[in-house]
Amino acid sequence: MFAKALIVAIAYYLIYYINQSIGLWQFNRPIIVGPIIGLLLGDLQTGIILGGVFESVFLGVIAVGGAIPADALVGSTIGTATAILTGASNSKALAIAVPVAALAIITLQITYSYMALFVPRMDKLAHKGNEAGITRWHIGMGFMTPALNTIAIFFAILLGTNAIKTFLAILPKFVSQGFIAAGKMLPAVGFAMLLNMLFKKKYFIWFFVGFALVVYLKLPNLAVAIFATAIAFLMYDVTKHSITNNVTVSSVSKPEDKQATKKKEEEDFLS
């Protein structure tokens, strides 16, 4: 169990650091994390299934502004590892992953708190003009950011797996049935959160287009995804040409008109 707990913890650390260091390519999403943990623990099929299950729940969980959402990476890592190592059902694994993801916010806040202790040191280096020193501290703090959660995940898997397995075995039937019912409801909550963000007049029409494609035309998900990708590229191209034309017109306009055009473009982009 020690080796497996260490493997899972290292996997979390690498996934977190790679995702943060190369430009947020969404490697930390459950649909990616689940298969990776499953592959490392020798059960790729379960990892793929749980990755899809967890992704449906955390689909609308994103950081907006200063808000700190539940940590889908921590929840998916522990949930997938627990299900594979204990043989828990998908619903029970989901019931474990969601509260764990919420609790991970606490460790993140602690991380941010102790990272702030290093800021005065970087301020001194900046005052001296020591760019190399600032770079070293910046990289070092990046390595330290996922450290606390990595340690927590290691001990959670090492010490908690047997306890979770025993707990699930003695759990009353009505409680386990409640977990199953909650597990079936949570994906709907995830999609509802996503739809809540998409509820804008100029975007929401595409929800009905997708609904019609699936329900009435009986298109598979892959076909709908390809169709949506084509529309996204088309809209991007149209918007790009529109902005280019506005810039061309504004280049021969008065300074006041240029400012008004720029402000309007910013408002349109943020709306």
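On a predicted model such as this, the values are computed, not experimentally measured, just so you know.
With a 4.5 Å cut-off on side-chain heavy atoms, Leu219 and Val214 do not count as touching. Side-chain contact between Val8 and Leu41 is present, with heavy atoms from C-beta onward closer than 4.5 Å. At a threshold of 4.5 Å between non-hydrogen side-chain atoms, the residues Thr145 and Tyr16 count as touching.
Atom CG of Leu50 and atom CG of Asp43 lie 8.5 Å apart (nearest 0.5 Å). Distance check, rounded to the nearest 0.5 Å: CG of Leu73 to CD1 of Ile32 gives 11.5 Å. Atom-to-atom distance recorded for Thr150:OG1 and Ile10:CD1 is 9.0 Å, nearest 0.5 angstrom. Here CD1 of Ile134 is found 6.0 Å from CG of Leu125. Values are rounded to the nearest 0.5 Å. One finds the CD1 atom of Ile153 at 5.0 Å from the CD1 atom of Ile78 (value rounded to the nearest 0.5 Å).
Summarising the local packing, CG of Asp237 is surrounded by more than 12 heavy atoms from other residues, nucleotides or ligands at distances under 6.0 Å. The number of heavy-atom neighbours closer than 6.0 Å to CZ of Phe155, taken from other residues, nucleotides and ligands shown, is 12 or below.
At least one donor-acceptor pair closer than 3.5 Å links the side chain of Tyr13 to the backbone N or O of Phe143. Judged by distance alone, with hydrogens and angles left aside, the side-chain atoms of Asn19 form a donor-acceptor pair with the main-chain N or O of Phe27 at under 3.5 Å. Between the side chain of Thr80 and the backbone N or O of Thr77 there is no donor-acceptor pair closer than 3.5 Å.
Donor-acceptor pairing under 3.5 Å is recorded for the side chains of Asn149 and Tyr12.
The only option from Phe207, Phe211, Trp206 that meets the side-chain contact (heavy atoms from CB on, under 4.5 Å) definition with Val209 turns out to be Trp206.
The two residues Met115 and Met144 come nearest to each other via the heavy atoms SD-CB, 4.2 Å. Of all heavy-atom pairs between Ile31 and Glu55, the closest is N-OE1, 3.2 Å. When all heavy atoms are compared, the tightest approach of Gly75 to Val100 is CA-CG1, 4.3 Å. Taking every heavy atom of both residues into account, Ala93 and Ala83 meet most closely at CB-CB, 3.6 Å.
Put simply, Leu6 and Val74 are part of the same group of oily side chains (I, L, V, M, F, W, Y) that touch within less than 4.5 Å, one to the next. Linking ILVMFWY residues whenever their side-chain heavy atoms come closer than 4.5 Å, directly or via other members, leaves Leu39 and Ile49 in distinct clusters.
Ring geometry for Trp137 against Phe118 counts as tilted: the plane angle lies between 30° and 60°, on a 0 to 90° scale.
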